[in-house]
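For the numbers below, each heavy atom of this structure counts, side chains included, while hydrogens, waters and symmetry mates do not. Chain naming here is simple, since letters A, B, ... match the order of the sequence lines and numbering starts at 1 in each. None of these values were measured; they are calculated from a predicted model.
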Number of protein chains: 2
Amino acid sequence: MTARSKKQPAERTGAESLASTAYERLRFDIISGVFPPETKLLIRELCTRYAIGLSPIREALNRVSRDGLVEHHDQRGFSVTAVTEADLEDITKSRCWANEFALRESIANGDQAWEEAILIAYHRMARLSGPAEQSDAPVDAAWERAHRTFHTSLISACNSKWLIGFCEQLFDAADRYRFLARLQFRGRTQRQNEHRDIMDAVLRRDADQAVQLLLDHFRATLKYSRLEIDRLRGLPKQGPVEPAHSRKKPAPDNAPRARRMAR
Amino acid sequence: MTARSKKQPAERTGAESLASTAYERLRFDIISGVFPPETKLLIRELCTRYAIGLSPIREALNRVSRDGLVEHHDQRGFSVTAVTEADLEDITKSRCWANEFALRESIANGDQAWEEAILIAYHRMARLSGPAEQSDAPVDAAWERAHRTFHTSLISACNSKWLIGFCEQLFDAADRYRFLARLQFRGRTQRQNEHRDIMDAVLRRDADQAVQLLLDHFRATLKYSRLEIDRLRGLPKQGPVEPAHSRKKPAPDNAPRARRMAR
DNA sequence: GTCAACATGAAAATCGATTTTATTGCGCGT
DNA sequence: ACGCGCAATAAAATCGATTTTCATGTTGAC
């Protein structure tokens, strides 16, 4: 036996820890709305859901809480950050500001590799956009990733890792609102051409036009998402999508809000 | 025994978890340069240093890593983020952008409470500035906190939690560079009047002037910190300030770089 | 009838042991 | 002698048990 049976050279880099995979899954589940806003995240439930121990879950929770998707109160656990219209507007304003700067810098500094990266990112996204049209799939993880990559590629030449990181964080935050809205609207609004127009302007190095289109794009997302917030308000908060583990005592009828964080 | 011996009603709100205190201490120690850049952070050593268990340390490390002060590689542990001139310039550029926007918004929106908060923050900082003049104290934690609070207060009326959070993160990152520089220069550069001038312009609602002064302030920090980077470069990297726990085998002489992260 | 102290149960937080993984030094074959 | 594979060691990562803390519902005194 000449050993070496463990690691295929192909996946050599894929040595992820359980905590990291838990982080990815948790972040995705929060953004995609599996855990509705203000849901209390019980460590034990997450353990059984993801089939891993306490420590990695706890580690993952700490990371998402620094992403702003989850709030943490000492001795009182974690809960999904609430959604409010003010927060949505804050996010949109911030990402407009940050992306405008980053995009202008990118257009000024971008080289050929940058242009090609945008082109590739767009086409990968566009290719996924067709087959995924069926609206019964609640979330197309692949397209979402490609979408994120596309937006990052636009500003990737701004020469600021901090700014890029900030934009990505805001992207995730805004995405959560978009997903929440989609849960109602079922079926994707067709906005692929917005992306194409943005890309065209960027590659044309028309900074003003590109910025204009990009900000419009963000504001359209805002408008689209905002419609849902009012509807969400007043809805009884509930646990994760799959029914919460049966309580020994089914909550008495006079408890309209279940599993809500004390504030 | 009528119990109730545990908690004084005074410190009722101070129910911090060990992980949170570890986070604070760790962040402070990294920013203040106790752990030099690129130091490998061994969990066990941190456990003994802070006298707490693995889990809280690990939790704290995850949080600081999301703050950008520490890098994490799966299965390979944590290490203090390296310092580079490019990173320092990135940070400065980013905080100039972010703070300009935030400050203009603040000046436009700020109410009386905002003005008074600035005033108070300044005076608290100024009061600490006098007695702390002795240069033998490596770090005056109280003044540093007040300094941070002052800068945050300036932009606190910008109506964007995201933007404020971003600015604070950048503040910490820049502060680490400033501390590293101070370790050499011993003795504080007297820049208190810069803060006063900024405050005056802000309270006068002279946005252009305030922005000008604030950005100059940041750039002065950049200039001040940059001087040290070249000097740091080439210096043998070493462990925490207190001598590294004695190795059974003292490293052979041909190993110039000790405890360095593989990259 | 109202309020406060108390008991009870649930969840978070912490710890220490165990498992997994990476790194380093050594021996062997070429 | 040089490179390659293997063993030994150190560190990270994970798990499960235990301790602390909070929330809830109840009882008793005023």
Side-chain angles (χ1 to χ4, degrees), chain A residues 1-7 11-23 40-48 50-63 65 70-79 244-245 247-249 251-252 254-255 257-263, chain B residues 1-7 9 11-23 40-48 50-63 65 70-79 244-245 247-249 251-252 254-255 258-263:
Chain A
M1 285 286 192
T2 50
R4 175 67 77 90
S5 59
K6 272 189 180 175
K7 42 182 78 168
E11 65 160 15
R12 174 63 194 77
T13 44
E16 267 197 346
S17 64
L18 288 188
S20 294
T21 51
Y23 167 67
K40 177 103 192 278
L41 293 172
L42 299 185
I43 314 245
R44 294 243 196 82
E45 285 186 10
L46 295 177
C47 286
T48 61
Y50 297 127
I52 51 183
L54 298 171
S55 312
I57 288 288
R58 183 157 265 280
E59 214 152 313
L61 281 169
N62 274 290
R63 299 193 203 172
S65 79
V70 155
E71 282 181 356
H72 172 68
H73 296 91
D74 276 347
Q75 323 285 28
R76 228 166 288 185
F78 298 84
S79 63
H245 300 191
R247 321 285 286 172
K248 289 149 199 162
K249 298 180 181 179
N254 61 355
R257 68 228 154 70
R259 2 191 97 260
R260 183 152 179 182
M261 193 72 182
R263 301 200 284 170
Chain B
M1 288 279 193
T2 50
R4 173 66 80 91
S5 60
K6 272 188 181 176
K7 43 181 78 168
E11 63 162 17
R12 176 62 196 80
T13 44
E16 268 198 345
S17 63
L18 289 187
S20 294
T21 52
Y23 167 67
K40 177 104 193 276
L41 294 172
L42 298 185
I43 314 248
R44 294 241 195 82
E45 284 187 12
L46 295 178
C47 286
T48 62
Y50 297 127
I52 50 182
L54 298 171
S55 311
I57 288 288
R58 184 157 265 279
E59 214 152 313
L61 282 168
N62 273 291
R63 298 192 204 172
S65 79
V70 155
E71 282 180 357
H72 172 68
H73 296 92
D74 276 347
Q75 323 287 26
R76 228 167 289 186
F78 299 83
S79 62
H245 301 190
R247 319 286 287 174
K248 289 149 200 163
K249 297 180 181 180
N254 61 356
R259 3 188 94 262
R260 183 153 179 182
M261 194 72 182
R263 301 199 284 170

Atom [atom1] of [X] to atom [atom2] of [N]: distance rounded to whole Å?
X: N62(B); N: dT14(D); atom1: CG; atom2: C1'; answer: 13 Å
X: H73(A); N: dA13(C); atom1: NE2; atom2: C1'; answer: 16 Å
X: L18(B); N: dA12(C); atom1: CG; atom2: C1'; answer: 12 Å
X: L46(A); N: dA11(C); atom1: CG; atom2: P; answer: 12 Å
X: Q75(B); N: dT20(C); atom1: CD; atom2: C1'; answer: 8 Å
X: E45(B); N: dA11(D); atom1: CD; atom2: C1'; answer: 11 Å
X: L41(B); N: dA12(D); atom1: CG; atom2: P; answer: 9 Å
X: K40(B); N: dT24(C); atom1: NZ; atom2: P; answer: 10 Å

| Is R76(A) near enough to dA23(D) that one of its side-chain N or O atoms lies under 4.0 angstrom from OP1 or OP2? | yes
| OP1 or OP2 of dA13(C) less than 4.0 angstrom from a side-chain nitrogen or oxygen of R58(A), does that happen here? | yes
| field | Rounded distance (nearest 0.5 Å) linking atom CD1 of I43(B) with atom CZ of R58(B) | value | 4.5 Å
| request: Would you please name every residue forming a side chain to side chain contact (heavy atoms under 4.5 Å, CB included) with L18(B), sequence neighbours left out? | output: T21(B), I52(B), P56(B)
| remark: The residue, L54(A) or S20(A), whose nearest nucleotide of DNA chain D is more 5′ is S20(A)
| said: Using a heavy-atom cut-off of 4.0 Å across all strands, would you classify I57(B) as base, sugar-phosphate, or nothing? | reply: nothing
| request: Identify, between R44(B) and E59(B), the residue whose nearest nucleotide on DNA chain C lies closer to the 5' end. | output: E59(B)
| note | Result for 5'-nearest mapping on DNA chain C, choosing between P56(B) and I43(A), is I43(A)
| remark: Tightest non-hydrogen contact, residues A60(B) and A19(B), listed as CB-O, 4.0 Å
| note | Of all heavy-atom pairs linking Q75(A) and S17(B), the shortest is NE2-CA, 4.2 Å
| query | What nucleotide, of dT14(C), dA12(C), dA13(D), holds the atom closest to the side chain of S17(B)? | reply | dT14(C)
| task | Please name all residues satisfying side chain to side chain donor-acceptor pair (under 3.5 Å) with R63(A), sequence neighbours left out, ordered by chain then number. | result | S20(A), N62(B)
